[in-house]
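Each chain gets a letter, A, B and so on, in the order the sequences are listed, and its residues count up from 1.
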Number of protein chains: 2
Amino acid sequence: MTTKTRSAFYISDRTGITAEMLGHSLLTQFEEVAFNEVTLPFVDTPRKADEAVDRINQACMPDGIRPLVFSTLVNTKLSSIIKTADALYIDCFQSFIAPMEAELNVKSNHSVGRSHSNRGSGYLKRMDAVNFALASDDGQSTKELEEADVILVGVSRCGKTPTCLYLGMQFGIKAANFPLIPEDFERLALPSALDAFRDKLFGLTIRPDRLVRIRNERRPNSEYASLRNCETEVRLSVALMKQNNVAFLDTTSRSIEELATVIMQKANLKRQAF
Amino acid sequence: MTTKTRSAFYISDRTGITAEMLGHSLLTQFEEVAFNEVTLPFVDTPRKADEAVDRINQACMPDGIRPLVFSTLVNTKLSSIIKTADALYIDCFQSFIAPMEAELNVKSNHSVGRSHSNRGSGYLKRMDAVNFALASDDGQSTKELEEADVILVGVSRCGKTPTCLYLGMQFGIKAANFPLIPEDFERLALPSALDAFRDKLFGLTIRPDRLVRIRNERRPNSEYASLRNCETEVRLSVALMKQNNVAFLDTTSRSIEELATVIMQKANLKRQAF
C-alpha cells in the first residue's frame, strides 16, 4: 500500500475535460493511492509540450514516484514530446485510432478534438436549452411548456432546476420545471396548466429529512422547512404522480448526471446535441 | 469513402457520459463516416448485457456493417458478454487498468465507476456552486461577492450566466456574475460594489454583431439590441476592463467548456470537486 502522493496529469490540446473524466474515473479504481491531479489544457505547440514535460518531471523529483499522464493529444508530434517525460503515459485517444482505422477502412483526420470547441448547431442547441431552463425557472408560459421536451414536476427544492440545467447543457434537451405547491395538494390534482402536456411530465421526489435540510438553508426554522410540512408535501406529491401515472424518481441519493441519464432513458428522449 | 450509416454504441454500468464523451470525440476523427450514436447506460446485470448484445447485433443486421462499441464497463463478466456481439469492441477503461496496476503496484478495485454517482463532499460542492451561480444571477449581495471564487463582469447577454453555471457544475467553482451597465459607462468606472473584489474580477466580451442577434431574441427591435448601442457598450466595457487591468476573454467563438477552462487557468483557480 502506497501512502505517498502520486501526481496524475491530464493533458490535452483542447480543454482536457475528456482526459479528466476518463482519467479520474480510472484513478477511483485505486482507492489506496493518494493522487494529486493536475490538468494541463491547450497543449497545442511544441513549446507548451516541452513546458508540460518540465512540470511532469518536477512532480517526479521530490521522491522519485513517477506521475501518471492521461493524454488526449491528437497530434503525434506533441504526444511524442510528452512521452519523453519520466511518467506512465496513458494514451486515451491514439490507443483506439488504429483499430478504428482498420475497422472503418479510412484514415483519421488527426485533427484536434472538437467535442468542446464546436460552435456549430449542436453547441447552439445546448446553449438554447440552458437558456430555456433558466427562463423556465423564472415561471413558465404556455408557450414554454409547449416548446419543452420534458417538464419536471415536484415539490419546491427537490432538485428540478439543476437537473433541467444539466439536461440542457449535456444533451441539448429543453427541460421546463413546474413546482407542485400546497394549492395542488389541497385540490389533490395536478396544476391545470399542465393538462395539455401530460405526456411530457416527469416527476422528482426526495426524502423528507433531506428536503428539511435543503429548505432550512433557504428559510431557516420556517413552516416551509419543517419536517411535518416536508413529509406532507412529499407524500401528497407522490400520491399525485401515482394517481396521474407520472413516472418519477427519488433525487435523494442520485447525482444530476444519474437523474438526467435515467430521465433520458425512461422518458424516451433523444440527445439533441453533443 | 463510406456513405452508409454505421452504428456506434456507448455502453456503461453507470451513466455512460464518459464513454459518450471519449467515443464521440474519437468519431469526430472520421468525418467521412456517418454514425448513428446510441447510449446504453446502467448495463449492470448479465441480463441487461444480453439485451445490449441483441441491440448491437440488430444494428448490424440491415446491411452487415459492424457497429463500434465504446465501453467503460468495469465488470469483466459483463464486458465478456458484450464482446460476443458482432462489433468492434473498444474498451475505454480496461485497456488502461493493467498498465496502471503494474505502475502503481496495487490491484484495482474493479468497482463500477463512481465519477458521476458520488453524492459525497465533491458532489455537494458542485451543487452548492450551481445554486450559488443561480442565486447570483438574480442579483448579488456583498456576502455573495465575498464568497465567490471568481466574479465575471461584462455587458448584458455576453455569456456570463452559462459560463458561471458551467464553472459550478464541472469544477465546483463559485462564480458570481456582475453586469456592466450604461451607468457604469457614463461614469467610466467599474461598479463601486466591486471595489473590494478587484482581484476576483474576470471580464467577458463579445462581438457586437453577435450581441445584436442575442439581444434581439430577448427584446426585438429595441434600442438595447441596436447595433449602435451594442457597439458602444462593448467598446466601453473593454475600455473599462483595460483601464482596471481586468483580464478578459471574447466569448464569440468559444464554447462554455473552453471559456471555463481558460478562466480556470488564467485566474489561477483550483478545481474544487470532481
Side-chain angles (χ1 to χ4, degrees), chain A residues 1-2 6 15-18 21-22 24-26 28-33 39 41-42 66 68 72 74 88 90 92-93 95-97 99-100 103-106 108-111 113-119 123 127 130-131 134 137 161-162 165-166 169-170 253 255-258 261 265 271 274, chain B residues 1-2 6 14-18 21-22 24-26 28-33 39 41 66 68 72 74 88 90 92-93 95-97 99-100 103-106 108-111 113-119 123 127 130-131 134 137 161-162 165-166 169-170 253 255-258 261 265 271 274:
Chain A
M1 196 173 291
T2 313
R6 194 184 281 257
T15 63
I17 292 168
T18 304
M21 284 180 67
L22 179 61
H24 181 76
S25 183
L26 285 161
T28 62
Q29 294 293 305
F30 298 90
E31 269 186 335
E32 308 91 328
V33 186
T39 304
F42 306 115
R66 298 209 313 169
L68 307 184
T72 53
V74 177
L88 176 68
I90 293 175
C92 306
F93 207 79
S95 309
F96 306 122
I97 290 290
M100 286 176 73
E103 177 74 23
L104 299 171
N105 199 25
V106 285
S108 72
N109 306 326
H110 285 293
S111 55
R114 274 156 304 177
S115 49
H116 299 112
S117 58
N118 199 332
R119 297 276 309 193
Y123 178 76
M127 288 308 101
V130 169
N131 286 322
L134 287 169
D137 206 42
T161 303
L165 286 170
Y166 191 80
M169 208 172 263
Q170 186 73 14
S253 55
S255 67
I256 50 170
E257 286 85 353
E258 290 177 296
T261 306
Q265 202 174 32
R271 182 192 261 278
F274 263 103
Chain B
M1 197 173 289
T2 312
R6 193 184 282 257
R14 301 303 312 159
T15 64
I17 292 169
T18 304
M21 282 179 68
L22 179 61
H24 181 75
S25 183
L26 285 161
T28 62
Q29 293 293 305
F30 298 91
E31 267 185 337
E32 308 89 329
V33 186
T39 304
R66 299 211 310 172
L68 307 184
T72 52
V74 177
L88 176 68
I90 294 174
C92 306
F93 207 79
S95 309
F96 306 123
I97 289 291
M100 286 175 74
E103 177 75 23
L104 300 171
N105 200 25
V106 284
S108 72
N109 307 328
H110 285 292
S111 57
R114 273 156 304 178
S115 49
H116 298 113
S117 58
N118 199 332
R119 296 279 306 193
Y123 179 75
M127 287 308 102
V130 169
N131 287 323
L134 286 169
D137 207 40
T161 303
L165 286 170
Y166 191 80
M169 207 171 263
Q170 187 73 15
S253 55
S255 67
I256 50 171
E257 286 85 353
E258 290 178 297
T261 307
Q265 203 175 31
R271 181 191 260 276
F274 261 102

**Request:** Name the region of B/Arg66, side chain, backbone, both or neither, that has any atom closer than 4.5 Å to a heavy atom of chain A.
**Result:** both
**Under the side-chain contact (heavy atoms from CB on, under 4.5 Å) test, residues paired with B/Thr39 that sit two or more places apart** = B/Tyr10, B/Glu20, B/Pro41
**Message:** Could you check whether any side-chain N or O of A/Tyr123 sits under 3.5 Å from a backbone N or O of B/Ile256, counting only pairs where one atom can act as donor and the other as acceptor?
**Reply:** yes
**Prompt:** Tell me, side chain or backbone of B/Glu103 under 4.5 Å from chain A's heavy atoms, or both, or neither?
**Reply:** both
**Prompt:** With a 4.5 angstrom heavy-atom cut-off, which part of B/Leu22 approaches chain A: side chain, backbone, both or neither?
**Reply:** both
**Message:** Quick check against the 3.5 Å criterion: does B/Thr28 have a side-chain atom that pairs as donor or acceptor with the backbone of B/Ser25?
**Reply:** yes
**Fill in**
Applying a strict 4.5 Å limit to non-hydrogen atoms, the region of B/Met169 in contact with chain A is side chain
**Asked** What residue in A/Met100, A/Arg271, A/Gln170 has the most heavy-atom pairs under 4.5 Å with chain B?
**Response** A/Met100
**Request:** Indicate yes or no: at least one non-hydrogen side-chain atom of B/Leu68 is less than 4.5 angstrom from one of A/Leu104.
**Result:** yes
**Asked** Taking every heavy-atom pair that is under 4.5 Å apart, which of B/Thr161, B/Asn131, B/Leu165 has the most such pairs with chain A?
**Response** B/Leu165
**Asked** Do B/Tyr166 and B/Thr261 come close enough that some side-chain heavy atom pair is under 4.5 Å?
**Response** no
